[in-house]
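Numbers here are sequence positions counted from 1.
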Amino acid sequence: MTRVTKFIEYRRAMWFPQDDIVETRLRQALDTFPDANQRIVERPDGTSLMGNYIQIYDDGVAIQCLKYADGEPAGVLSMEGGAQVFVGEKRPGNGENFVDNAFFGFVSGNDVVSIGAGQNAAGLRYFLNRFFERAGVVADRNQFGLSRVANVNAVHKIHTSGGVAKLQMDLSLEEATNAYVEELAAAPRAGMIGKLGSVFGSLLDGGGASEELRRSRKGKMRVSVNVPNTDLLPAKNALNDAASTFLEDEEFDDYVLELRNGDTIKPGEMSVKKRVNFERYAQSVPHDAAFSEMRSFMQQLREDGQLDV
């Protein structure tokens with residue numbers, strides 16, 4: 001059977017506008033909706049997420065969440081050969097849907113580990129937010145985010161280096177990125193991210209060279225911010241704060257921090273994660289193996305004191 005390599009990554013829930021406990025709310029929601037077909041939430045793109053398999057332990061709650069589009073057919077490829085081979089469609093059977101993706105998470109208090117970062121963690125966060133609202137266990141205005149927790153070794157590396165000298169970020173110039181840049185520029189956001197949005201907006205507003213940049217689908221747009229060593233202390237502190245903003249924001253994962261002692265840090269060094277090998281199953285991995293590895297990783301973090309950081 002084919003084996004795949006995945007990362008298990010640690011995050012911490014941050015509640016708005018008040019403190020709360022994700023595990024407590026999840027257990028309450030499961031009491032309200034114990035059946036899998038009750039644990040379905042719809043996404044804005046027309047797909048749905050189902051919390052299809054839940055396992056409750058003494059030390060937390062493990063969840064498998066599947067993404068699907070209701071009634072959407074899957075493409076099939078004939079292997080009989082010939083000059084041309086056409087792609088066909090196979091529709092799901094009665095009472096079925098084809099799985100598009102699977103998200104896994106283990107929730108203990110406000111500590112969460114997920115298999116995969118980025119889209120997978122975002123999918124898990126979206127499901128939990130909407131599921132809590134449907135179950136009525138939180139007020140509509142209450143939301144939480146799953147914030148990446150910095151690796152203590154990387155944080156120590158930043159502090160002992162004298163701080164951040166340069167922050168560099170690359171954006172691929174593709175249609176999806178252009179759309180994101182436009183959204184970033186249009187939406188008012190505070191701090192460093194808001195300022196970058198204004199810069200991107202200026203680049204994309206107007207004709208000529210900026211219009212060519214806007215239509216480009218290849219290459220990268222690189223943004224670099226640096227403060228000379230001779231500059232004022234407030235400027236150095238501001239760059240350190242800006243770097244912290246990037247480290248905590250899931251939307252930015254293509255950057256390099258150059259430290260004042262010449263070392264560099266990339267996103268993969270900042271997150272707390274573990275590489276694990278799984279056997280592939282149904283476009284994902286077996287839920288029992290996923291749950292076991294996530295619980296083991298959470299216990300390791302607890303013993304190492306990482307959950308106290």
For residues 37-48, tabulate all N or O donor-acceptor pairs below 3.5 Å that involve a side-chain atom, not counting sequence neighbours.
from, atom 1, to, atom 2, distance (Å)
Gln38, OE1, Asp35, N, 3.1
Arg39, NE, Gly51, O, 2.7
Arg39, NH1, Pro34, O, 2.7
Arg39, NH2, Gly51, O, 3.0
Arg43, NE, Thr47, OG1, 2.9
Arg43, NH2, Asp45, OD2, 3.3
Asp45, OD1, Thr47, N, 3.0
Asp45, OD1, Thr47, OG1, 2.6
Asp45, OD2, Thr47, OG1, 3.4

If you take all heavy atoms of [X] and [Y], which pair is closest and at what distance?
| X | Y | result |
| --- | --- | --- |
| Lys6 | Val285 | CE-CG1, 4.3 Å |
| Gly123 | Phe103 | CA-CE1, 3.7 Å |
| Ile115 | Ala290 | CD1-CB, 3.4 Å |
| His287 | Phe104 | CA-CE2, 3.7 Å |
| Leu124 | Gly105 | CD2-CA, 3.8 Å |
| Ala102 | Gln64 | CB-NE2, 4.4 Å |

_Holding to salt bridge (charged side-chain N to carboxylate O under 4.0 Å, His left out), I want the full list of residues that pass it with Asp59, two or more places apart in sequence or in another chain._
Arg295

_Once salt bridge (charged side-chain N to carboxylate O under 4.0 Å, His left out) is applied, do any residues pair with Lys67, and if so which ones, sequence neighbours excluded?_
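Partners of Lys67 under the salt bridge (charged side-chain N to carboxylate O under 4.0 Å, His left out) test: Asp100.
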
*asked:* Taking ring-ring contact (aromatic ring centres under 6.0 Å, His included) as the cut-off, I'd like each qualifying pair that reaches into residues 14-38, sequence neighbours left out, listed once.
replied: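 For residues 14-38: Trp15-Phe144.
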
_Test of understanding: with side-chain contact (heavy atoms from CB on, under 4.5 Å), list the residues that count as partners of Val113, not counting sequence neighbours._
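Listed in chain order: Ile8, Tyr10, Phe106, Met294, Phe297, Met298, Leu301.
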
*Taking only residues two or more places apart in sequence or in another chain, which ones pass side-chain contact (heavy atoms from CB on, under 4.5 Å) with Ala139?*
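Listed in chain order: Arg141, Asn142.
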
*Partners of Phe127 by ring pair (Phe, Tyr, Trp, His ring centres under 6.0 Å), sequence neighbours excluded?*
Phe131

Using residues 19-31 as the side-chain source, report each donor-acceptor pair under 3.5 Å to any protein atom, sequence neighbours left out, with the distance given to one decimal.
from, atom 1, to, atom 2, distance (Å)
Asp20, OD1, Arg25, NE, 3.2
Asp20, OD2, Arg25, NE, 3.1
Asp20, OD2, Arg25, NH2, 3.3
Glu23, OE1, Gly109, N, 2.6
Glu23, OE2, Arg27, NE, 3.0
Glu23, OE2, Arg27, NH2, 3.0
Arg25, NH1, Gln28, OE1, 2.8
Arg25, NH1, Val137, O, 3.3
Arg27, NH2, Tyr57, O, 2.8

_According to side-chain hydrogen bond (donor to acceptor under 3.5 Å, both in side chains), does anything in residues 69-86 pair up with another residue at least two apart or in another chain? List the pairs._
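Applying side-chain hydrogen bond (donor to acceptor under 3.5 Å, both in side chains) to every pair that reaches into residues 69-86, excluding sequence neighbours, yields Asp70-Asn97.
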
*Would you indicate whether the side-chain heavy atoms of Lys274 and Glu293 approach each other to under 4.5 Å?*
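Side-chain contact under 4.5 Å: yes.
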
*asked:* With heavy-atom distances below 4.5 Å as the criterion, would you say the side chains of Ile54 and Val61 are in contact?
replied: yes

Just verifying a value: how many Å separate [X] [atom1] and [Y] [atom2], rounded to the nearest 0.5 Å?
| X | Y | atom1 | atom2 | result |
| --- | --- | --- | --- | --- |
| Ser108 | Gln299 | OG | CD | 9.0 Å |
| Tyr281 | Thr2 | OH | OG1 | 14.5 Å |
| Leu128 | Ile63 | CG | CD1 | 5.5 Å |

*Check: Thr32/Arg134 side-chain N/O donor and acceptor closer than 3.5 Å*: no

*Examine the side chains of Asn120 and Ser114 and answer whether a donor and an acceptor come within less than 3.5 Å of each other.*
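No, no side-chain donor-acceptor contact under 3.5 Å.
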
In terms of hydrophobic clustering (I, L, V, M, F, W, Y; side-chain heavy atoms under 4.5 Å; direct or indirect links), are [X] and [Y] co-clustered?
| X | Y | result |
| --- | --- | --- |
| Leu146 | Tyr126 | yes |
| Tyr53 | Phe98 | no |
| Val107 | Leu66 | no |

*asked:* One pair to check against side-chain contact (heavy atoms from CB on, under 4.5 Å): Gln283 and Asn101. What are the steps and the verdict?
replied: CA-CA 7 Å; Gln283 296 184 307; Asn101 199 0; over 6 Å; no

*Where do Arg275 and Thr5 land on the side-chain contact (heavy atoms from CB on, under 4.5 Å) test, with the steps shown first?*
CA-CA 7 Å; Arg275 186 192 301 266; Thr5 299; 3.3 Å; yes

_Residue pairs, two or more places apart or on separate chains, that pass salt bridge (charged side-chain N to carboxylate O under 4.0 Å, His left out) and touch residues 88-97_ =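 Residue pairs with at least one partner in residues 88-97: there are none.
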
*Using side-chain hydrogen bond (donor to acceptor under 3.5 Å, both in side chains) as the criterion, list what pairs up with Gln143, not counting sequence neighbours.*
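In terms of side-chain hydrogen bond (donor to acceptor under 3.5 Å, both in side chains), with neighbours along the sequence ignored, Gln143 is linked to Asn129, Arg130, Glu133.
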
*State which residues pass side-chain hydrogen bond (donor to acceptor under 3.5 Å, both in side chains) with Ser284; sequence neighbours excluded, sorted by chain then number.*
none

*Evaluation steps, side-chain contact (heavy atoms from CB on, under 4.5 Å), between Val85 and Leu77*: CA-CA 7 Å; Val85 176; Leu77 180 64; 3.5 Å; yes

